[in-house]
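In what follows, a structure is listed as C-alpha cells, so that the remarks can point back to it.
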Amino acid sequence: MYMEKIMRVSDSIRYVGVDDHDIDLFEGQFVVPHGMAYNSYVILDEKTAVMDTVDARFGGAWLENVAAALGGASPDYLIVQHMEMDHSANIKRFAETYPSAKIVSSKLAFTMMKSYFGTDFAERQVLVADGSTLELGTRTLHFVGAPCVHWPEVLFTYDSKDKVLFSADGFGKFGANDYDDPEGWACEARRYYFGIVGKFGADVQSVLKKAAALDIKVIAPLHGPVLHENLAYYLKTYDTWSRYGVESEGVAIAYTSVYGNTKQVAEKLADILRAKGCPAVAISDLARADTYECVEDAFRYGKLVLATTTYNGGVFPTMREFIEHLTARNYQNRTVALIENGSWSPAANKGMAALFADSKDIRILDAGITVKIAMTDETLAQLETLADSLMNER
C-alpha cells in the first residue's frame, strides 16, 4: 500500500494527509472510482512547519494527524503552496487551533485568503516568492515560483537538507493513497495532468527548468503517492507531457455513432491498424466513455482519428465537445485524420477541421473519408489507405 511508504517521508518529514473514498467527482467533473488523496506534511526541526491543509470535510482527521506528528507541540509555520479549496479549506481552522503559528505563502495567496475567509491573517503573514527562503534550524526551505501549475499563486517548496521537492499539484494523480493502483502511477497521473494542468504546458516547462537546478531525491505532491525512486522517469514524463510531445507510439480513435454504422467503420479501422502492426490502438465511443480517458489517449499518442456523424449540418455535439476539450488544453503537435458520415449532405469533416483552425502544429491528413450511411467496399479500400497513411506518418 502507498500509505505504508509515505507515513514517514524522511527522518524529519511526516505525512499527515487523508484519503477520501466518499467522493464521486473530483472538481465536479472527473470520475474518481478509487477516491482521492489530499496530502499534507509536517517538517520537524528546531522550528516546525506544516505543508498545506486538506479538504474541508476532513479537517478534524487532519488536525489529529498533525497533532500526532508534532507530539503535542505547536507548529511554528503553516506553509500554503496552493489555494485551491481541497488544500486550503482548513487554513482558518488551523490558525484558530494554533494561534501562535505564522502563515507562509505568496502575495496572491493571501489575497485569495481574504476572499475565502474574510481575513488575510495580516498579523501572521510571512510573505514569500520565487527565490525566497525560510530557515527552520538545520534545514532551509527554498521557495520556487510555479504560477499556473495550475493556479497563478502556486509555490513549490524545496527542502535542501532532505532534498525533498514539495510540488503542490505537480506530479499528482487521481486515487486515494491506500489504494494500490495496479496500473501504477502514469495512467491516473496522465488523466489528472491533461484534465487539469494540460493547458499550462509552458508554465510547467518553466518550473521544470527551475527544478533541474535542484538535487531532488523525493517528490511530495498534494495528490497521490510520494515519489521516492526512479525520479528521472517522472521528470522526463512531465517534460514530455508539458512539451505536448508523443509519449507512446500508436493511434487513438474517437467516434460518435447514432445507429451503429460509424461505430462499425471506426472498429474496422482499428482492426486494420492492428493487422498492419500498429503498436497501440485505443478506440473510444465518446457518448459512453469517460471523456477525460479519451482526452488522455488523444494526448498520449501522436495520431488521432475522429469519426462522427453529420448533425444539423455540422459536427455531432459529443464530438464537438470532445474537440473543444482538446483545443482548450492546447492540443498540438499531432496528426489528425477525419471520417464523416452523412445520409444526404455530409459536412462533419469540414466542421471538425474548422475546430482545429487555431491549434498549433495540427496536421490533418488529406485522406479524409466520407461514408454515406453504411460501410461499403469503397469504404474498406479507403480505410486501408488511411491506415497506411497513419502507419507511415512520422
Side-chain angles (χ1 to χ4, degrees), residues 9 13-20 23 26-28 36-45 47-70 72-130 132 134 136 141 143-159 164 166-170 172 196 220-224:
V9 177
I13 301 174
R14 304 289 186 269
Y15 176 85
V16 293
V18 297
D19 286 313
D20 181 358
I23 188 171
F26 182 68
E27 293 190 353
M36 282 299 295
Y38 310 116
N39 296 345
S40 174
Y41 308 89
V42 169
I43 303 174
L44 303 172
D45 208 308
K47 293 186 175 181
T48 56
V50 178
M51 303 295 298
D52 296 288
T53 82
V54 299
D55 186 84
R57 294 170 295 130
F58 299 92
W62 170 70
L63 285 170
E64 289 179 7
N65 291 347
V66 170
L70 292 169
S74 294
D76 295 283
Y77 301 106
L78 172 65
I79 297 173
V80 178
Q81 299 182 112
H82 183 21
M83 276 298 297
E84 197 168 6
M85 289 67 175
D86 53 331
H87 308 299
S88 67
N90 287 286
I91 292 174
K92 189 172 184 180
R93 189 168 178 180
F94 175 92
E96 292 168 348
T97 303
Y98 298 109
S100 64
K102 300 289 188 181
I103 299 175
V104 183
S105 199
S106 65
K107 182 178 180 180
L108 181 53
F110 283 116
T111 299
M112 292 180 178
M113 288 180 213
K114 179 77 170 180
S115 298
Y116 194 176
F117 302 112
T119 177
D120 60 2
F121 306 97
E123 302 303 316
R124 301 168 66 171
Q125 285 187 16
V126 177
L127 190 64
V128 293
D130 184 49
S132 297
L134 180 68
L136 297 184
L141 300 182
F143 295 96
V144 179
C148 293
V149 187
H150 62 110
W151 278 20
E153 86 296 353
V154 172
L155 294 167
F156 287 6
T157 307
Y158 175 67
D159 175 355
V164 177
F166 298 92
S167 60
D169 273 351
I196 295 173
L222 288 178
H223 296 293

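With hydrogens and angles ignored, the 3.5 Å screen pairs a side-chain donor or acceptor of Thr97 with a backbone N or O of Arg93. A donor-acceptor pair is defined here as one N or O able to donate and one able to accept, closer than 3.5 Å; no such pair exists between the side chain of Arg14 and the backbone of Ile43. Looking at Asp20, its side chain never comes within 3.5 Å of a backbone N or O of Met36 through a donor-acceptor pair. For Asn65 (side chain) and Val18 (main-chain N/O), no donor-acceptor pair under 3.5 Å exists by modelled atom type. At least one donor-acceptor pair under 3.5 Å links the side chain of Ser105 to the backbone N or O of Val80. Under the 3.5 Å distance criterion, the side-chain polar atoms of Glu153 are left unmatched by any main-chain donor or acceptor of Ser106. In this structure a side-chain-to-backbone donor-acceptor pair under 3.5 Å is missing from Asp120 to Lys114. Of the possible polar contacts, one joining the Tyr41 side chain to the Pro221 backbone as a donor-acceptor pair under 3.5 Å is found. At least one donor-acceptor pair closer than 3.5 Å links the side chain of Ser132 to the backbone N or O of Ala129.
Distance CE/Met83 to OG1/Thr111: 9.5 Å, rounded to 0.5 Å. To the nearest 0.5 Å, atom OG1 of residue Thr53 and atom CG of residue Asn90 are 4.5 Å apart. Annotation: the span from Met51 atom CE to Phe166 atom CZ amounts to 5.0 Å, rounded to 0.5 Å. Summarising the geometry, atom CG belonging to Asp130 is positioned 8.0 Å from atom CG belonging to Leu155; distances are rounded to the nearest 0.5 Å.
Nearest heavy-atom pair, Ser88 versus Phe117, reported as atom, atom and distance to 0.1 Å: O-CZ, 3.3 Å. Scanning both residues, Ala69 and Leu44, for their nearest heavy atoms gives O-CD2, 3.9 Å.
The shortest distance between side-chain heavy atoms of Tyr158 and Val164 does not fall below 4.5 Å. Using a 4.5 Å heavy-atom cutoff, the side chains of His223 and Asp86 are in contact. Within the 4.5 Å cutoff, the side chain of Met112 has heavy atoms near those of the Trp151 side chain. With contacts defined as side-chain heavy-atom distances shorter than 4.5 Å, the pair Phe110/Ile103 qualifies. With a 4.5 Å cut-off on side-chain heavy atoms, Leu70 and Thr48 count as touching. Residues Tyr98 and Leu78 fail the side-chain proximity criterion, which asks for heavy atoms closer than 4.5 Å. Looking at Ile13 and Val42, their side chains never come closer than 4.5 Å, going by heavy atoms from C-beta outward. Proximity of Met113 to Thr119: side-chain heavy atoms (C-beta onward) are nowhere separated by under 4.5 Å.
Side-chain contact, His82 with Asp169: a donor N or O sits under 3.5 Å from an acceptor N or O. His87 and Gln81 form no side-chain donor-acceptor contact under 3.5 Å, judged by distance and modelled atom types alone. A donor and an acceptor atom, one from each side chain of Ser40 and Trp62, are located under 3.5 Å apart.
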Problem set entry | Stepwise side chain to side chain contact (heavy atoms under 4.5 Å, CB included) test for Val50 and Tyr77 | CA-CA 6 Å; Val50 178; Tyr77 301 106; over 6 Å; no
For this session: Let me see the working for Lys92 and Tyr116 under side chain to side chain contact (heavy atoms under 4.5 Å, CB included), right down to the final yes or no.
Result: CA-CA 10 Å; Lys92 189 172 184 180; Tyr116 194 176; over 6 Å; no
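Screening Leu141, Val144, Asp52 against Thr157 for a side chain to side chain contact (heavy atoms under 4.5 Å, CB included) leaves a single residue, Leu141.
Using a cut-off of 4.0 Å between Lys/Arg side-chain N and Asp/Glu carboxylate O, Asp55 and Arg57 are scored as salt-bridged.
The ring-ring contact (aromatic ring centres under 6.0 Å, His included) test applied to Phe156 returns no partner, not counting sequence neighbours.
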